[in-house]
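Both counts, for ligands and for their atoms, begin at 1 and track the order of listing. Only heavy atoms go into these numbers, but all of them, side chains included; no hydrogens, no water, no symmetry mates.
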Amino acid sequence: MYSPPHAGGSDSEGSLLSDVSASPPRARSPPPPPPPKPRPIPKHTAAAAAKSNRRPKPKPKANPKPAAPACAAAAASPPILPTVALSDPHGLASRIAVAPALVAATSTVSSSSFRRLVQSRNPSFHPVTAFSAPAPAPTPAPAPTPDEIPTAAVAAQCPAPDAPPPRARPKRVHPNSVSEVPAAAAEAELPKRPRGGGEGNFVRLNINGYGRKRTFRNSHARRPTKYRSWRRQRAGGVKPQGCGEEEGDFVAEALMERENKGAVGDVGVLKAVEAAREDPSEQNLESLLRLAYGYESFREGQLEAIQKVVAGESTMLVLPTGAGKSLCYQIPAMILSGLTLVVSPLLSLMVDQLRKLPAFLPGGLLASSQTSDEFHETLQRLRGGDIKVLFVSPERFLNEEFLLIFKDVLPISLVAIDEAHCISEWSHNFRPSYLRLRASLLRRKLNVQCILAMTATATTQTLKEIVNALEIPSDNLIKTSQIRDNLQLSISMSDNRLKDLMLLLKSSPFVDMRSIIIYCKFQGETDYISKYLCDSNISAKSYHSGLPMKNRSRVQELFCSNKIRVVVATVAFGMGLDKSDVEGVIHYSLPESLEEYVQETGRAGRDGRLSHCHLLLDSTTFYKIRSLSHGDGVDEYAMSKFLYQVFSCDNSTGSICSLAKELTSRKFDIKEEVLLTVLTQLEIGGQQYLRLLPQFSVTCTLYFHKTSPQLLADKDVLVRSVLNKSETKDGNFVFDITKIANDLNITLNEVIDHLQQLKFSGEISFELKDPAYCYVILKKPDDLNTLSANITKWLSEVECSKIMKLDAMFAVANFAVKGCERTDGCSGSQHTQCIQKKIMDYFSKNEATTYNDYCAQPHKGSPFLQADIKVFLQSNSFAKFTPRAVARIMHGISSPGFPSATWSKNHFWGRYVEVDFPVVMEAAKAELVKLVGKGE
Ligand SMILES: Nc1ncnc2c1ncn2[C@@H]1O[C@H](COP(=O)(O)OP(=O)(O)OP(=O)(O)O)[C@@H](O)[C@H]1O
């Protein structure tokens, strides 16, 4: 059987150390089935392969000497070197890579605007001494000889006489909504659909013959200039800027698709919108639906949700996967006068939804991964009224600048929160930044009155939390059944999952299916299985978050265009994937919760046709996943030390504090995500102790290139502050950007912007490292111990809920294979009726009762546990353990302080996966106490 290599390494089987164990050795997992014999390679392929394996003949080295005279001459030639004489104490002349022409202009401009900024914040600041001190006549540094200047650097300094000046700015992408996404992400996430294929709205509208010129007010009056230039480029066959070969086509295709769609937005739609605005009756809304989307009627829940939102009432919408929740914010976005803000947890989801907006509903996107250029371009379109629906990531709400935008832009009519279950820590994929989405904040900062929360998977408790956080009236809950009835659900027990998977794929109904998704828990599994399938002549590809964006996008694209039959994926290939004709979903690993099961099976049968979902159940995987669920736990002791560090930062002047993510995580042996959760809790819990800022890389290394540091410091207040606050390492200046921001009383963004300007002027270059959580302390807690006890308790409840969710999933699957009496329609491995019933129960009951129903999981004990822990502690006496750290190693769970890269080689790694984690922790505690007693 395949053993995944990482994911906490819980299943690695290292026994490199010769520790003596009290327990008998674990039975080894059966070896993976022998790989199928390689298929004979056709002659031409074999030849090609042989050819490609051959080492290319080394090309005769180009003699660098002929280039030297030209460059040497150029380097020596006065106009090409910067006009200001250089003092370069660090020997960094070779790093200069900016056209001299750019230098002077930019540095003057940046300096003066920055001066105004610092002056406004620091009235005591004296501009004359800080900025305008007459620079002493620089001592001309000896011009480097040609030999001292590396060829590349010289080439950069020596543009051909008529070559355009080199541009140091980052490449811009097209401002159109789709390509606004950072190039890699956009290209990665936009599946290329066959023209005239199943791309819903546009095609249907065309079929229905609504092909007149679009005149939707407010949206297309002014097409952004970039869009026009892109069209010109298209016409001239030039690829859009910022795209590679493939991406260019890909993004252009998406743009073209939007453009084509644009042709169908028409006067009819406009009239229907006007009519619905005046009277949002069923008849008017249905007519708008028909004209805008080509759909005959609303699906269950849609009309009611749209009417409530149009009436300005906050609404909670729970519809099954694929039921059409997006329509419930799109139609109101057409009708309401202001902007619709859509909060979405994944960039891929945002890009996909943006792409699917009807053409007359112009959209944009703001994600934290965008460059500041992209951000400002979107801003410009927002201000110009060119965006009606704006997709944002929840992290954006940390950014005060972002929140301020809406003060002077068109008002927000609606905030739609997609996958709203992420708000609740009791949900299956709780996301700390969603915690910030509270009605109070939205109202206070954005003046939002109407919120639409949407999810397909929420238990009663999760719903309660969402509704409370967003202050949605209880009358405004629209909830239909959370499962679709066109999915046939089956489960079988499996001792050899790979063999059973192959059998499944070779038998009816899966053998005849054109599109199948196989879900696995571990990334390694997906790669292994997809390769195995390919070797068995089944076209398959793997998809997981460890793959580069570009590869993931390619896989999605191939799958959506039916060029591959199977995608073997982790949970990363789930939420929001809207391929209508996926006929089958197979769970190779147990999902972590019933919510995840519903989400993932929900990728099948979105066209309404009968589809099949099969789960291969094995208890080994269950225990392995259960183990990993303990990875987030924190001890109260570690928590109080962490909180002490958080609040030890000087907050006398409301200064910015930072905690380097990786370092802090290792120091306290707490995962980065958990650190963020705690910090978010400190911000939005009962008492607001701090204000989180966007994350920044805070350690900066500065290299001076043109003017000497001292001279530049005389002209530039930021550089002066840097010189005061930095250490020198290898002749370069290393400093913490928060210190500079605090010193000058400016924001971190302003520090970075100013450094960028100096960089563009050729004065400096810099490197940033150590991503950090940044925050400002608002109030120090009176009693740190009580606070850490409360937070630890809360985290442990969250951890318990995660485990209970997994137990519930296992219990339902186990019931189907072992307890179901096969009445009410269940037969063989087909258990649609009993699983549906259990799922509905789970979603409708209160969590506490639900878990009591499911959690009777007998856990194995072991007579060898205590003795093994003793041996382990004795043989690793060099390390400082806590009971939790020992239990994690015994369970094979990687943690920041005890990573699998080091500890998975230990004989005891993952040995006690099947013993309940708290039991192992107790045993470890007892042994550690004994050791302390002995003074070891
Ligand atoms: N009234 C309707 N009639 C026909 N098709 C519809 C209707 N409403 C939506 N659809 C189509 O249903 C598909 C699924 O819609 P959508 O992506 O909004 O689902 P969803 O509820 O957000 O699903 P998920 O939760 O899985 O993301 C889309 O292709 C959409 O065009």
Original post:
Should we say atom CD of Gln283 is surrounded by more than 12 heavy atoms from elsewhere, each under 6.0 Å from it?
Top reply: no
Original post:
Which bit of Lys356 is near ligand 1, meaning a heavy atom under 4.0 Å away: side chain, backbone, both or neither?
Top reply: neither
**OP:** Return a yes/no value for Ser326: is any of its N or O atoms, backbone included, closer than 3.5 angstrom to an N or O of ligand 1?
**Re:** yes
**OP:** May I ask whether Glu296 has any heavy atom positioned less than 4.0 angstrom from an atom of ligand 1?
**Re:** no
**OP:** Could you tell me which atoms of ligand 1, counted from 1 in the order shown, lie closer than 4.0 angstrom to a heavy atom of Thr321?
**Re:** 23 (O), 25 (O), 26 (O)
Subject >> Test of proximity, Gly322 against ligand 1: N or O pairs below 3.5 Å >> reply: yes
Subject >> Candidate pair Ser545 and Gln523, rule side-chain hydrogen bond (donor to acceptor under 3.5 Å, both in side chains), full reasoning >> reply: CA-CA 8 Å; Ser545 56; Gln523 296 182 353; 3.3 Å; yes
Original post:
From Ser413 OG over to Leu341 CG, what is the distance, rounded to the nearest 0.5 angstrom?
Top reply: 11.0 Å
Original post:
Is it the side chain, the backbone, both or neither of Ser297 that has a heavy atom closer than 4.0 Å to ligand 1?
Top reply: backbone
Original post:
Is any N or O atom of Glu419, backbone or side chain, closer than 3.5 Å to an N or O atom of ligand 1?
Top reply: no
**OP:** Could you tell me whether Leu327 and ligand 1 have an N or O pair separated by under 3.5 Å?
**Re:** no
Original post:
Does Glu274 pair with Lys271 as a salt bridge, N-O distance under 4.0 Å?
Top reply: no
Subject >> Which of the ligand 1 atoms, numbered from 1, are nearer than 4.0 Å to a heavy atom of Arg603 >> reply: 26 (O)
**OP:** Sort and list the pairs that fulfil side-chain hydrogen bond (donor to acceptor under 3.5 Å, both in side chains) and have at least one residue in residues 303-325, not counting sequence neighbours.
**Re:** Lys308-Asn476, Glu313-Asn476, Thr321-Arg484
Original post:
Taking atom types as modelled and ignoring hydrogens, do the side chains of Lys579 and Ser515 form a donor-acceptor contact shorter than 3.5 angstrom?
Top reply: yes
Subject >> For His587, all residues meeting ring-ring contact (aromatic ring centres under 6.0 Å, His included), sequence neighbours excluded >> reply: Tyr519, Tyr597
Original post:
Considering only heavy atoms, which of Gln599, Glu300, Arg606 lies nearest to atom 26 (O) of ligand 1?
Top reply: Arg606
